[in-house]
Amino acid sequence: MTELDCTAVELGKKIKAGRVTAPEALEAVLARMDRQEETLHCYVTDDRENARKKAETVQAQIEAGTLSGPLAGVPVAIKDNMNTAGLLTTCASRILNNFVPTFSSEAVKRLEAAGAVIIGKTNMDEFAMGSTTETSYYGVTRNPWHTDHVPGGSSGGSAAAVAAGECYYALGSDTGGSIRQPASFCGVVGMKPTYGTVSRYGLIAYGSSLDQIGPLAQDVTDCAAILEVISTHDPKDSTSVKRDDTDFTSALKADVKGMRIGIPRDYFGEGLDGEVKDSILSAVRQLEEAGAVVEEFDLSLVKYAIPAYYVIACAEASSNLARFEGVKYGYRAEGFDGLHDMYKMTRSEGFGPEVKRRIMLGSFVLSSGYYDAYYLKALRTKALIKQAFDKAFAKYDLIVGPASPTTAPRLGESLADPIQMYLGDIYTVSVNLAGLPGITVPCGVDSKGLPIGMQLIGDCFQEKKLIRTAYTYETLRGAFAGCPGKGKEGGQA
Amino acid sequence: MSRQYETVIGLEVHVELATKTKIFCGCSTAFGGAPNTHTCPVCTGMPGSLPVLNKKVVEYAIAVGLATNCTITQYCKFDRKNYFYPDNPQNYQISQLYLPICRNGGVEIETENGKKIVGIHEIHMEEDAGKLIHDDWEDCSLVDFNRSGVPLIEIVSEPDMRSADEVIAYLEKLRMIIQYLGASDCKLQEGSMRADVNLSVREMGAEQFGTRTEMKNLNSFKAIARAIENERARQIDLLESGEKVIQETRRWDDNKEYSYPMRSKEDAQDYRYFPEPDLVPVVISDEWLEEIRSRQPELRTEKLARYKAEYGLPDYDAEIITSSKAMADLFEETVDICQKPKKVSNWLMVETMRLMKEHAMEPEDLDFSPAHLASLIDLADAGTINSTVAKEVFEKVFLEDIDPAAYVEEHDLKNDNDAEGLKAILEEIIDANPQSVADYRNGKKKAIGFLVGQAMKATKGKANPGMINRMLQEML
């Protein structure tokens with residue numbers, strides 16, 4: 001353990017106290033990247049030269065007293081689907097292999113204003129479509145806990161970077177579980193806020209009505225602090241919500257007395273790995289012993305969440321991704337014959353198979369004659385799922401479940417059977433359909449040595465209940481084992 | 001032609017709204033900027049950009065809806081219309097399909113065949129596309145996104161029109177209403193008003209509509225009238241020769257007076273409309289609706305009545321003056337200064353109209369000041385200048401907006417009302433033109449005209465012709 005082996009908030013305090021400097025923290029991270037990146041490949045773009053300049057500037061501002069936020073000087077990684085002005089932003093796709101945005105996403109701007117030092121852009125499933133980070137055009141990311149396994153996805157690069165100490169925290173985006181599931185696979189804390197809490201301006205859209213940016217961090221305290229910085233009402237995003245309760249760190253209290261926790265039976269039935277189930281239920285028991293009121297209940301419509309999610313997300317994606325055709329920016333095929341051929345060749349060569357599959361699926365469900373049967377039905381299902389949650393939240397403050405049926409699968413296992421991969425999203429997608437906040441906290445390690453995450457789901461705008469419960473659990477659990485590779489010379493990698 | 005046919009026409013009219021900024025971003029809507037200078041990440045479809053609705057667009061759409069007797073959809077939504085084209089930066093257009101802002105309206109039109117109501121099916125809001133410029137020299141196409149995101153409303157009529165006359169009357173009516181509202185300048189030539197004509201024919205008395213075609217690229221009322229006549233004849237020819245009309249979109253070439261098919265129904269695109277997830281539904285409260293209703297300006301019908309009552313204008317005058325908002329505004333402002341409504345009306349209807357025609361101008365192009373017209377009327381009224389001089393001076397006002405009083409002074413154009421001086425001149429003219437004098441005295445009363453003309457020439461046009469006439473009659 002060194003001074004630099006700490007959480008983001010702890011590091012921020014140490015920098016302010018003059019015990020370490022922002023450049024020192026950055027160099028520690030860069031040194032780890034030098035040792036591990038060849039194996040782990042958490043990053044698509046390493047922006048270390050600019051990061052070094054920024055660290056110097058921020059350090060000077062902290063010393064001058066002009067910058068005092070909790071994250072000032074702390075190195076951060078950004079998922080590669082968030083625009084960073086002047087810095088390559090690829091969405092892990094070939095079609096954006098040369099795309100340098102002219103403007104930064106609002107969340108990134110908020111972090112920069114708070115003195116964050118951006119190290120680079122993390123790997124992800126192409127356009128956030130996938131659950132393993134294996135659909136990236138730029139190669140897979142490996143799970144730092146066990147490099148034969150995936151880190152989860154789509155924010156796999158962000159989750160792995162946090163777990164492996166290649167950043168102090170990271171931003172991810174969550175459309176159907178893309179923050180919570182990789183956080184669970186990598187043994188870190190990941191949070192998807194209520195839809196509309198973090199501006200989507202500058203986030204390259206996958207499923208606009210489901211996408212939400214959130215933090216991946218080492219603990220709940222970091223998560224709350226990061227979310228407090230990035231939450232904002234943004235007039236540039238019409239779906240952004242005005243909230244006056246974004247002082248999330250005020251909820252960091254170890255007290256769950258009277259907290260009503262619902263356990264949906266459907267989330268713990270068939271298909272859930274036994275070790276995952278036991279680990280989560282034992283975590284719930286700890287909360288119960290600390291005074292939470294736990295009860296099992298039936299959350300209806302669980303099995304309809306996956307089809308509804310894939311119909312809606314793919315429909316929106318088929319339209320959102322139409323702008324990538326080689327006319328204005330990004331990859332353009334060579335040797336085409338006329339406009340339509342350019343479109344076809346560019347998109348055929350520029351998109352990977354999973355993206356093409358979802359564009360085709362989305363185009364199909366929106367096409368004339370199928371719209372009512374698929375898209376409209378999915379919208380109705382979405383509304384019913386929201387109602388089922390409303391009913392549950394009338395009785396419970398929060399709901400507990402897994403983030404995934406298993407721990408991280410081996411590399412190459414998932415893509416062979418996309419349907420099976422889609423079904424793995426069963427515990428996460430309904431949260432996006434209903435616009436709810438969700439957080440995953442590490443609660444154990446399975447016999448393969450892979451971390452298990454517990455997911456807490458709250459009603460809209462009830463992040464504080466999630467933070468409070470997750471924080472309490474963390475206190476009860478004690479220090480999490482931590483990624484075996486992290487901090488060691490050379491790492492496990 | 002043995003059988004009688006009826007033409008059935010419905011229109012889709014696109015109107016560019018007169019907002020200062022675009023529908024989903026803060027870029028200027030000004031026409032004619034250098035290519036791609038009125039653009040930003042939103043209207044060029046950059047990844048990560050998001051649309052934010054311009055409230056003024058909603059207000060204009062509601063104003064047009066109210067003025068055309070529509071029901072306002074108080075919970076309306078935007079939808080995406082998906083199609084690939086390089087002038088469409090996102091490859092989808094944000095439009096309205098499922099819940100358009102206005103529905104079930106109509107306007108009254110009048111033609112030689114009397115009055116009728118043309119129904120309005122719906123009015124929806126949408127964004128305009130950019131413009132493609134084909135560079136033949138370089139053999140490539142360039143895109144200008146200045147127009148991308150300029151707000152449009154599309155006014156979809158019911159198939160209620162039966163002739164080109166009715167179509168023109170309907171379009172003129174819409175244009176008048178929208179101009180009166182200030183929602184658009186509605187210039188067909190510049191594309192701020194565009195009409196697509198859906199036309200079918202059926203045998204007189206038939207209940208079913210025939211197969212329709214949609215005609216695009218109609219840039220003037222004349223082109224619309226020609227295209228309708230041409231398409232009607234084409235469809236009847238097809239039916240008469242036992243062929244079928246194909247449902248298709250056709251493009252009108254006004255130079256060749258001919259249309260050709262652009263795409264048939266078979267290769268019609270599936271636009272895969274779905275609700276726009278980046279925008280929240282537009283909720284129009286009763287209060288907001290009332291506020292817009294209370295701000296509605298006086299429309300033509302009310303103005304017409306008021307002109308007759310308040311200014312005592314004859315029907316004919318009131319009709320012409322109110323036929324355009326620009327003309328009506330000019331009239332009211334001039335009357336406010338000189339308080340002579342009938343005289344102002346005469347100047348606008350006769351000389352102004354004549355000069356507009358001569359210079360191929362629209363009422364919107366008039367830019368002389370009401371104060372100068374008022375001053376001219378006062379000068380003529382006071383007898384300071386005669387009517388011939390007044391017309392000359394008015395032309396200067398019309399073209400250069402000169403100050404008539406100063407101009408008359410400067411060019412020495414005042415009436416010469418010196419009777420003694422004039423008498424001497426007339427005596428000289430009588431002596432110099434014995435033949436005309438003799439003719440007049442022998443009963444050829446017209447001969448006096450020649451003498452008046454000579455007198456005007458001698459006075460360099462400054463004398464009062466009425467006065468000359470009277471004096472000559474006395475002297476002869």
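Since the model is a prediction, treat every value here as computed from it, not as a measurement. Labels below follow one simple rule: chain letters A, B, ... track the order of the sequence lines, proteins then strands, and each chain is numbered from 1.
- Contact residues of residues 122-133 of chain B toward chain A are absent (heavy-atom distance under 4.5 Å).
- In this structure, no portion of S199(A) lies under 4.5 Å from any heavy atom of chain B.
- Residue-level contacts of residues 20-35 of chain B with chain A do not occur; threshold 4.5 Å between heavy atoms.
- Contacts of L339(A) with chain B are made by side-chain atoms alone, with heavy-atom separations under 4.5 Å and no backbone atom involved.
- When the heavy atoms of residues 75-91 of chain B are compared with those of chain A, the residues falling under 4.5 Å are R80(B), N82(B), F84(B), Y85(B), P86(B), P89(B), Q90(B), N91(B), listed by number.
- For D237(A), the parts lying near chain B are the backbone and the side chain together; criterion is any non-hydrogen pair under 4.5 Å.
- In this structure, the portions of D278(B) lying under 4.5 Å from any heavy atom of chain A include both its backbone and its side chain.
- We find the CG-OG distance between D270(B) and S367(A) to be 5.5 Å, quoted to the nearest 0.5 Å.
- Interatomic distance, OG of S319(A) versus CZ of R272(B), reported as 7.5 Å (0.5 Å rounding).
- Within residues 46-60 of chain B, the residues having any heavy atom under 4.5 Å from a heavy atom of chain A are, by residue number, M46(B), P47(B), G48(B), S49(B), L50(B), P51(B), V52(B).
- Here F274(B) contributes atom CZ and Y375(A) contributes atom OH; the two are 5.5 Å apart, rounded to the nearest 0.5 Å.
- In this structure, chain B has heavy atoms under 4.5 Å from both the backbone and the side chain of N320(A).
- Proximity to chain B (any heavy atom under 4.5 Å) is shown, for Y201(A), by both the backbone and the side chain.
- Proximity to chain B is absent for every atom of Y370(A), based on heavy atoms less than 4.5 angstrom apart.
- R323(A) contributes a side-chain N or O that, together with a main-chain N or O of G45(B), makes up a donor-acceptor pair within less than 3.5 Å.
- Within the 4.5 angstrom heavy-atom criterion, atoms from both the backbone and the side chain of E316(A) approach chain B.
- Contacts of Y92(B) with chain A are made by side-chain atoms alone, with heavy-atom separations under 4.5 Å and no backbone atom involved.
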